[in-house]
Amino acid sequence: MTLTTPHDVDHQVAVVREVAARHAAETDELARFPVEALTAMRETGLLGLPVPVEHGGAGGTTADVVRVSSALSRDCTSVGMIFTMHCQQVATLARFAGPGLARNVLPGVARGEVYLASVTTEAGTGGHLLSSGAELSADRDVLHVDRFAPVVTGGLHADGFLITMRRPGAVSPGQVSLVYADRDQVELTAEGGWNPLGMRATHSVPMRITGDVPADQVVGEHGKFPEMAVLCFAPYAHLGWAACWLGAASGALARTVRMLREPAERKRRDLGSDLLLHRLSRVRERLDGVHSLIQHAVSVLASGADPASHPVQLLLNAVKLTASEQCVAAVEDLVELVGMRHGYLRNSPLALERALRDLRSAPLNYSNDRLRAADGALVLMDQEVRFARHLR
Ligand SMILES: Cc1cc2nc3c(=O)[nH]c(=O)nc-3n(C[C@H](O)[C@H](O)[C@H](O)COP(=O)(O)OP(=O)(O)OC[C@H]3O[C@@H](n4cnc5c(N)ncnc54)[C@H](O)[C@@H]3O)c2cc1C
């Protein structure tokens, strides 16, 4: 078996980016799923990046997934987000699924045959990750799934789903289980369309998922999703999303600088203008801040720090909160800098308006208000103000 080398990953990313860039304007315009980019992720093997080597994958680390998510998002934030959310599901399965379930699903992911979608948001509990209103019912060795999901990225294109529901016979909404369902095991009914401001190519439609799955398709122990969320699901989400938002804003800055340096543009603008230079500096400062925070959090986790410890949770929350605010602010700055024609018109090759619309979703994608309330409670518990640090 050959391991994917960094060079291979760079090649895979280059192929997928080219396809994503070619279709980005059209998938955004039509709010359609980027099937071409998903096919490229399947065919290049990129979809298998986070699958452990023993299951035929590349054994990519969180750092690898962060790097790739960011790179893909430079041309199309939706493609980056589709990739990173898939990787979050794979990482959770790799860490918590029993041996049988892991053997049934992960080799298919490594071969590019299985793209995984995430079903956590609910109509009743909204974005609250650690509770659920819908309950699984159990019948001998079978679990009955009947779940309405208001937002499922790529739901109509996924080959498998990780679904949160209350465990059978739960006595509180916090007893949430995570269940794997293969596309062939469930009936999917689209219950509406997808016509948002941004992130349009994620095609995150509302849907109902019904069907029976074998009882051993529970990931980890019944009712233990909240623990899995703290250890793996949430850290992966915060880092992966932040990487996508950073990629989107970095792509916007790169396109802007390239345009500003063109000879024709130099004739039109004074590149020595203090206002222009200050704005560029501020954008770069915002992005370097987000980049540093992400890299620090990735290396703290890689050093073996406990994701459940308060300082690490606070750091991961800071990654999400900061990235979701600073990346959209950076693109706002760029719009001011270049003005109406390149900053506001939809046919500008800079695509700043698309980046701005996409990034506007960042504070909503797991509501910053909700996260700040949880974060503030952690701050109250940390009188010593201990910061997360490397263990070695
Ligand atoms: C592009 C995109 C793709 C997504 N893909 C998926 C997916 O594939 N699968 C999936 O399950 N979900 C997905 N989501 C949903 C996402 O993860 C969040 O759950 C969702 O965006 C939260 O929606 P909400 O604002 O309605 O919910 P809520 O979190 O319920 O928030 C509703 C409102 O209540 C406020 N609020 C909530 N809690 C508090 C509080 N404690 N204090 C003060 N105010 C509060 C919020 O500010 C907000 O205004 C996606 C979202 C986006 C934007």
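Both ligands and their constituent atoms are indexed starting at 1 by order of listing.
Heavy atoms only, all atoms of each residue included: T44 and Q12 are closest at O-NE2, 2.7 Å. Contact detail for P34 and A201: the closest heavy-atom pair is CD-O, 2.9 Å. Taking all atoms of both residues into account, the shortest heavy-atom contact from F148 to R208 is CB-NH2, 3.6 Å. The shortest non-hydrogen separation linking L277 to G272 is CD1-O, 3.8 Å.
Between Y115 and F33, the angle of the ring planes lies from 30° to 60°, which puts this pair in the tilted group.
When the heavy atoms of R370, H203, H128 are ranked by distance to atom 30 (O) of ligand 1, first place goes to R370.
Of the heavy atoms in R372, none comes closer than 4.0 Å to ligand 1. With a heavy-atom cut-off of 4.0 Å, V151 touches ligand 1 through backbone and side chain alike.
Ligand 1 has no N or O atom lying under 3.5 Å from any N or O atom of W241, backbone or side chain. Considering backbone and side-chain N/O of M85, none are found under 3.5 Å from N/O of ligand 1. Among the atoms of W194, none of the N or O lies under 3.5 angstrom from an N or O of ligand 1. The shortest N/O to N/O separation between S118 and ligand 1 falls below 3.5 Å. For ligand 1, the polar-atom distance check finds an N/O of L364 within less than 3.5 Å of one of the ligand's N/O atoms.
E191 CD: more than 12 foreign heavy atoms inside a 6.0 Å radius.
A salt bridge links R346 with E29: at least one charged nitrogen is closer than 4.0 Å to a carboxylate oxygen. A salt bridge links R372 with E325: at least one charged nitrogen is closer than 4.0 Å to a carboxylate oxygen. Classification of R354 and D75 as a salt-bridged pair fails, no side-chain N sitting under 4.0 Å from a carboxylate O.
For ligand 1, the atoms closer than 4.0 angstrom to any heavy atom of M199 are 1 (C). Within ligand 1, the atoms closer than 4.0 Å to a non-hydrogen atom of S367 are 29 (O), 46 (C), 47 (O), numbered from 1 in the order shown. Each of the following atoms of ligand 1 lies closer than 4.0 Å to a heavy atom of A373: 41 (N). Those atoms of ligand 1 that come under 4.0 Å of a heavy atom in S204, given as number and element, are 3 (C).
For A117, the closest heavy-atom approach to ligand 1 does not fall below 4.0 Å.
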